[in-house]
2 protein chains.
Amino acid sequence: MTLEERAKVFAALADPTRLKLVEMLACEEELCGTDLARKAGISVALLSHHWKVLTEAKVVVRERRGQSQFCQVKRETLEAAFQNVWPNLRVRSAWPSNVARG
Amino acid sequence: MTLEERAKVFAALADPTRLKLVEMLACEEELCGTDLARKAGISVALLSHHWKVLTEAKVVVRERRGQSQFCQVKRETLEAAFQNVWPNLRVRSAWPSNVARG
DNA sequence: CGGATAGTCAAGCAGATATTTGACTATTTA
DNA sequence: TAAATAGTCAAATATCTGCTTGACTATCCG
């Protein structure tokens, strides 16, 4: 992961609307686009714009199931970016109990 | 720390030049402005601009000693911002052995 | 097929940001 | 006090970003 890629991860988190989306996802396992937009209080068009930024930075991953797309935080990307500004950062292997993970 | 303040922390890390500065500081304990600019390969004027952004986001702290200002990463700020996108993030209490901390 | 639900995309605008240049201030040292 | 070192600031420019609007595509269901 290059310096530019790491900066892109932080840029994805640098906007309050996107940060809200990611913080919502951090507590909720996964959400579909419509729910994300509704909970964040934004239009689906605006969600689509921000979703693209988050996806291109690999901060989230998306999976289509039927009509909807479901979205999760990609922890590996956050960990890789955070490690460089905090070399000895340790992360817990387990996720909070209210969040089921595959 | 509000959503906007957390976003501001990530915005401070979102530019490759500033991220480089912070990553340098993460490995080097502290550096003065002239050394930061030289090691990052930028002008002092540009450093001054970026330094202001990092300081206002509280990502670094600065201290004047004589003619120079010395700069360190402020770990508390990073931890507070990171916690919200990664609720169960654990940080090591100790800093790497090559880095002396007050 | 046709309608409903879910999301995308492009254009356009307004405000923010990165960088350079050159003049300015502050502190130390001779 | 004068020169050197260390950093600041304002203006200018070019680029990027966030958001809205409205038209478009994709999937499902009757």
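Protein chains get the first letters and strands the later ones, always in sequence-line order, with residue 1 at the start of each.
- Atom pair B:Leu21:CG and C:dT19:P shows a separation of 10 Å (rounding to whole Å applied).
- Listed by first and then second residue, the side chain to side chain donor-acceptor pair (under 3.5 Å) pairs involving residues 7-17 of chain A amount to none (not counting sequence neighbours).
- Between the CG atom of A:Leu47 and the P atom of C:dA6 there is a distance of 13 Å, given to the nearest Å.
- In this structure, A:Leu31 atom CG and C:dA6 atom P are separated by 14 Å, rounded to whole Å.
- Here C:dT5 presents its C1' atom at 13 Å from CG of A:Asp35, a figure rounded to the nearest Å.
- Counting to the nearest Å, the C1' atom of D:dT8 and the NZ atom of B:Lys52 are 9 Å from each other.
- Residue B:Arg38 contributes atom CZ, which lies 14 Å from atom C1' of D:dA6 at whole-angstrom precision.
- When all heavy atoms are compared, the tightest approach of B:Ala12 to B:Val59 is CB-CG2, 4.0 Å.
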Inset, instruction - Go along nucleotides 18-30 of chain D 5' to 3' and tag each nucleotide: B for a protein heavy atom under 4.0 Å from its base, S when only backbone or sugar atoms are that close, - otherwise. - result: BBSBB----BS--
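- Taking atom NZ on B:Lys20 and atom P on C:dT19, their separation rounds to 11 Å, with Å as the unit.
- Scanning for salt bridge (charged side-chain N to carboxylate O under 4.0 Å, His left out) contacts around B:Glu76 gives B:Lys74, with sequence neighbours left out.
- Across the protein-nucleic acid pair, B:Arg62 atom CZ and C:dT27 atom C1' stand 15 Å apart, rounded to whole Å.
- Put simply, B:Ser48 has no side-chain N or O that comes within less than 4.0 Å of OP1 or OP2 on D:dC9.
- With sequence neighbours excluded, the residues that form a side chain to side chain contact (heavy atoms under 4.5 Å, CB included) with B:Arg64 are B:Gln69.
- Not counting sequence neighbours, the partners of B:Glu5 by the side chain to side chain contact (heavy atoms under 4.5 Å, CB included) test are B:Met1, B:Thr2.
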Return a table of donor-acceptor pairs under 3.5 angstrom between the side chains of residues 44-55 of chain B and protein atoms on other chains or two or more places apart.
unit_1	atom_1	unit_2	atom_2	d
B:His50	ND1	B:Arg18	NH1	3.1
B:Thr55	OG1	B:Trp51	O	2.6
B:Thr55	OG1	B:Arg62	NH1	3.2

